[in-house]
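Below is one structure, written out as structure tokens, with a few remarks after it.
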Amino acid sequence: MSTKNFSAARLVGVAFLFLWLAGLNAQAADKTLKLEAQLVLGSNDATTNGKPVSPQIEKKLKRLPLKWQHYSVVNEQQFTLAKDESKEVNLSDECQITVTSLGNERVKLTLQGNGQSVGNITQELKKGHVLVAGGSAGNTIVVLRQMD
Amino acid sequence: MTQEQQLKLQAFLDGELAESEAREILAWTQRDGAAAALLSELKNTRQAMVQAEPHLGVPETREFFWSKIEREIRRQEPAAAAAPGASRPAMLRDWLLPAVAAGALVLVAAGLLVHFNVPKPAPETAADADTPTVETTLANSDATTYRDASEGTTLVWFSPAADDNPAPNKKPTAIN
């Protein structure tokens, strides 16, 4: 390669562009998640008291193979998680969850019933996506989503 | 005819003589046939040269034409500087800066590789980022996963392994 045609300034520019892109990527991986956890009661009684879930959540829940047709919010909590940070959330006396942000919008949800760990779910939770967890105890489910 | 007389004729033809002198030359050419012949020859030669002279025009403006010449001079200057005995700043510009830039590129590439490889994603997540990893922590328990990719919804249902009647009203089937 002829040094005459070799543009050092251009090469340095490309290097800085890569650095900037890498910085953006790292920023996306480390961004703080704004999450909302809801304890949702499922019922087939349309007159169930309580705040109904949002239409968006209801639409998603009704497409799931659950036996209920109506869903209302028993408790909801909003919280933020930095990368590698965990948060314990008490949704009821019987239902607790622990949510950990793993970076790149991946979360680990640990479901607890009556203080006993039931299981862990690790999944990417993008905005608009919903993670629903439930067990054989009661008519409640946990809905976790990233807030807009 | 002397050389001085020939030059006088040329000067007469060019209109460089005073009026009185020009009249003398004119009278001389009318008397002297050789002088008249030389004058005629000089006229023909000048006319031929004027007609044959190429009229070259530059399509660009004078400033633009000069700027092209200037750029070409500058373009050729580094080649001259790179010749044996080139100055130290020129060598710095030609070799050290590209070397530093190339080194920076290598470092950035290495950083990106490290960034994307550590921590390495689990094989199942690498295959499909939407696939949840589910782990049951209770003895004799099971977990069923149902995915609605179009709605971006994942349902994970934990139930005792022996429980034949879980809450889902039908057997969950993963859909993609």
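Throughout, protein chains are lettered first and strands after them, A, B, ... in sequence-line order, and every chain is numbered starting at 1.
- The two residues B/Phe158 and A/Asn120 come nearest to each other via the heavy atoms CZ-N, 4.1 Å.
- Criterion: ILVMFWY side-chain heavy atoms under 4.5 Å apart, direct or through other members. Under it, B/Phe65 and B/Ile73 are part of a common hydrophobic cluster.
- With a 4.5 Å cut-off on non-hydrogen atoms, A/Leu61 does not touch chain B at all.
- Every residue two or more places apart in sequence or in another chain was checked for a salt bridge (Lys or Arg N to Asp or Glu O under 4.0 Å) with A/Glu88, and none qualifies.
- Residues B/Trp157 and A/Gly135 approach most closely at CZ2-O, 2.9 Å, considering heavy atoms.
- Inter-residue side-chain proximity for B/Leu155 and A/Leu66 is flagged as met; some heavy-atom pair is nearer than 4.5 Å.
- Within a 6.0 Å sphere centred on CZ of B/Arg62, other residues, nucleotides and ligands contribute 12 heavy atoms or fewer.
- In this structure, CG in A/Leu125 is found 8.5 Å from OG1 in B/Thr154, a value given to the nearest 0.5 Å.
- Using a 4.5 Å heavy-atom cutoff, the side chains of B/Leu138 and A/Gln116 are in contact.
- The most heavy-atom pairs under 4.5 Å with chain B, out of A/Leu111, A/Leu109, A/Val132, A/Leu131, come from A/Val132.
- Ranked by non-hydrogen atom pairs under 4.5 Å with chain A, the options B/Val134, B/Val100, B/Leu107, B/Thr153 are led by B/Thr153.
- In A/Lys62, the NZ atom is crowded: over 12 heavy atoms of neighbouring residues, nucleotides or ligands sit closer than 6.0 Å.
- The salt bridge (Lys or Arg N to Asp or Glu O under 4.0 Å) check on B/Glu21 picks up B/Lys8, with sequence neighbours excluded.
- Cluster annotation: B/Leu38 and B/Leu26 are assigned to the same hydrophobic cluster (Ile/Leu/Val/Met/Phe/Trp/Tyr, side-chain heavy-atom contacts under 4.5 Å, transitive).
- In terms of hydrophobic clustering, with Ile, Leu, Val, Met, Phe, Trp and Tyr side chains grouped at heavy-atom distances under 4.5 Å, B/Met1 and B/Ile25 are assigned to a common cluster.
- Between the side chain of B/Thr137 and the backbone N or O of A/Ser117 there is at least one donor-acceptor pair closer than 3.5 Å.
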